[in-house]
Amino acid sequence: MYYWNKSNFEGLQSLAVELAKKDGLTKLADYCRLRDTGLRREAFIALDEFLTTANTWDSDREQDAVEVILSLYVNTSNCHQFLTHPLMARFIDPVLHRWSQQAPESIAPIRWLGILRRDPEHLTRVLANEENDQLIRRILIEHHLSSVDYATHHLGESLFLGQLEEVLESIEHAASLIEEAPVREPFFDLDRETRQYGQMLFDWQAYKARPIGTFPEWCAARGREYKWSVPVYYSQGAT
């Protein structure tokens with residue numbers, strides 16, 4: 001029934017059930033149910049009703065609501081139709097902004113801003129205060145690895161993007177965050193990825209010092225097995 005977007009609709013169903021249990025969030029639950037059934041117009045009417053009501057809440061209540069909403073969201077996979085622009089622009093972003101100004105010592109709004117914006121400065125600040133926050137640690141590691149992925153995704157064409165020193169620094173940051181984790185098991189997948197990138201870049205430096213053939217050919221001759229990205233280039237068709 002849901003074809004390619006199945007996981008999103010299943011996420012909306014799950015959120016609807018949980019939001020309906022929370023005081024003041026039943027209209028958000030209605031939004032999820034209506035989006036799940038394809039009634040987009042009616043869903044946004046329910047969302048607007050929630051936002052209108054939430055605009056009357058005091059700071060404590062709106063902060064509690066944001067905590068509940070975002071906690072449910074980050075624990076629900078692939079629900080990309082939930083954090084809509086109206087919900088973010090009219091409620092979540094303003095609340096987090098006011099919260100961080102009213103309580104600059106509070107790490108909670110900084111944590112959520114870091115998660116939503118993938119902001120490394122916020123994420124690092126949170127982790128400095130709570131080293132056991134596995135979600136923050138994972139997002140920060142993934143942030144560093146994303147720059148490595150970008151720089152290396154054309155190595156299958158023997159092309160490196162960016163500055164090697166900066167990319168090696170990103171790998172070092174990722175490796176340190178994994179090494180410093182109080183519990184390392186949840187990061188085994190990222191540790192494996194970090195090591196693979198490190199080996200690939202070591203090989204790239206050796207290849208550049210004495211290039212023979214293409215980089216994939218050089219790696220194959222030495223028994224290196226990497227998964228090369230397959231770039232797709234688009235060109236304007238003849239008119």
Side-chain angles (χ1 to χ4, degrees), residues 4 6-8 10-11 70-71 73-80 83 110-211 213-233:
W4 61 271
K6 179 180 179 181
S7 60
N8 172 68
E10 290 175 341
L70 293 180
S71 294
Y73 172 72
V74 298
N75 288 295
T76 305
S77 302
N78 300 317
C79 192
H80 61 268
L83 289 188
I110 302 302
R111 181 179 188 273
W112 289 120
L113 288 168
I115 291 171
L116 293 173
R117 300 176 182 175
R118 295 301 194 261
D119 183 281
E121 183 177 341
H122 287 344
L123 296 169
T124 300
R125 178 179 167 187
V126 174
L127 201 59
N129 282 268
E130 182 46 75
E131 64 175 7
N132 289 312
D133 195 322
Q134 293 184 5
L135 175 59
I136 294 297
R137 187 176 295 274
R138 172 168 285 272
I139 293 174
L140 194 53
I141 295 168
E142 290 173 344
H143 165 77
H144 291 301
L145 292 181
S146 68
S147 64
V148 181
D149 179 70
Y150 173 79
T152 60
H153 78 280
H154 278 291
L155 283 185
E157 302 172 280
S158 304
L159 178 64
F160 183 85
L161 304 179
Q163 298 297 317
L164 180 61
E165 294 77 10
E166 294 178 0
V167 177
L168 290 173
E169 186 175 320
S170 292
I171 288 182
E172 290 178 6
H173 284 314
S176 294
L177 286 165
I178 295 168
E179 181 68 27
E180 295 164 1
V183 180
R184 293 189 60 182
E185 285 80 3
F187 307 102
F188 279 171
D189 58 327
L190 295 178
D191 184 45
R192 181 171 59 252
E193 186 177 352
T194 301
R195 293 175 185 275
Q196 288 173 345
Y197 276 131
Q199 181 63 55
M200 180 186 289
L201 289 177
F202 179 83
D203 287 340
W204 173 251
Q205 293 175 82
Y207 167 77
K208 290 296 291 182
R210 190 179 178 187
T214 67
F215 183 51
E217 291 169 346
W218 187 96
C219 291
R222 289 156 180 79
R224 304 284 198 262
E225 296 183 0
Y226 298 120
K227 293 182 179 180
W228 308 109
S229 299
V230 181
V232 178
Y233 297 97

- Query: Going by the angle between their ring planes, with limits at 30° and 60°, are W204 and F160 parallel, tilted or perpendicular?
  - Reply: parallel
- Item | Pairs where residues 110-121 contributes a residue and the test side chain to side chain donor-acceptor pair (under 3.5 Å) is met, not counting sequence neighbours | E67-W112, R111-D133
Separation of [Y] [atom2] from [X] [atom1] (nearest 0.5 Å):
X: F188; Y: R192; atom1: CZ; atom2: CZ; answer: 10.0 Å
X: N129; Y: I110; atom1: CG; atom2: CD1; answer: 10.0 Å
X: L140; Y: L190; atom1: CG; atom2: CG; answer: 11.0 Å
X: M200; Y: Q205; atom1: CE; atom2: CD; answer: 13.0 Å
X: I171; Y: E193; atom1: CD1; atom2: CD; answer: 10.0 Å

- Message: Tell me which pairs pass salt bridge (charged side-chain N to carboxylate O under 4.0 Å, His left out) where either residue lies in residues 136-151, with sequence neighbours left out.
- Response: R138-E142, R138-D189
- Task: Could you note down all residue pairs passing salt bridge (charged side-chain N to carboxylate O under 4.0 Å, His left out) where residues 163-175 supplies at least one of them, sequence neighbours left out?
- Result: none
- Got a sec: does the CD of E185 have more than 12 other heavy atoms crowding it under 6.0 Å? yes
Within the 4.5 Å heavy-atom criterion, are [X] and [Y] side-chain neighbours or not?
X: P211; Y: S158; result: no
X: L201; Y: L168; result: yes
X: H153; Y: L161; result: yes
X: T124; Y: I136; result: no
X: F187; Y: Q134; result: yes
X: L135; Y: I139; result: yes
X: N132; Y: V183; result: no

- Query: Hey, mind stepping through L70 and L116 against side chain to side chain contact (heavy atoms under 4.5 Å, CB included) and telling me if it holds?
  - Reply: CA-CA 9 Å; L70 293 180; L116 293 173; 4.1 Å; yes
- Query: Is the backbone of S71 close enough, under 3.5 Å, to the side chain of N75 for a donor and an acceptor to pair up by distance?
  - Reply: yes
- Query: When you measure from the side chain of Y207 to the backbone N and O of G213, does any donor-acceptor pair fall under 3.5 Å?
  - Reply: yes
Test side-chain hydrogen bond (donor to acceptor under 3.5 Å, both in side chains) applied to [X] - qualifying residues, sequence neighbours left out:
X: R125; value: none
X: D203; value: Q199, R224, Y226
X: E217; value: T214
X: S170; value: S147

- In chain order, what residues pass the ring-ring contact (aromatic ring centres under 6.0 Å, His included) check against Y197, with sequence neighbours excluded? none
- Message: Once ring-ring contact (aromatic ring centres under 6.0 Å, His included) is applied, do any residues pair with F202, and if so which ones, sequence neighbours excluded?
- Response: none
- Query: In chain order, what residues pass the salt bridge (charged side-chain N to carboxylate O under 4.0 Å, His left out) check against E179, with sequence neighbours excluded?
  - Reply: R184
- Item | With sequence neighbours excluded, residues passing side chain to side chain contact (heavy atoms under 4.5 Å, CB included) with Y73 | F82, L83
- So which heavy atom on A174 is nearest to which on L145, and how close? CB-CD2, 3.9 Å
- Could you list all the ring-ring contact (aromatic ring centres under 6.0 Å, His included) pairs where at least one residue sits in residues 118-148, not counting sequence neighbours? H144-H173
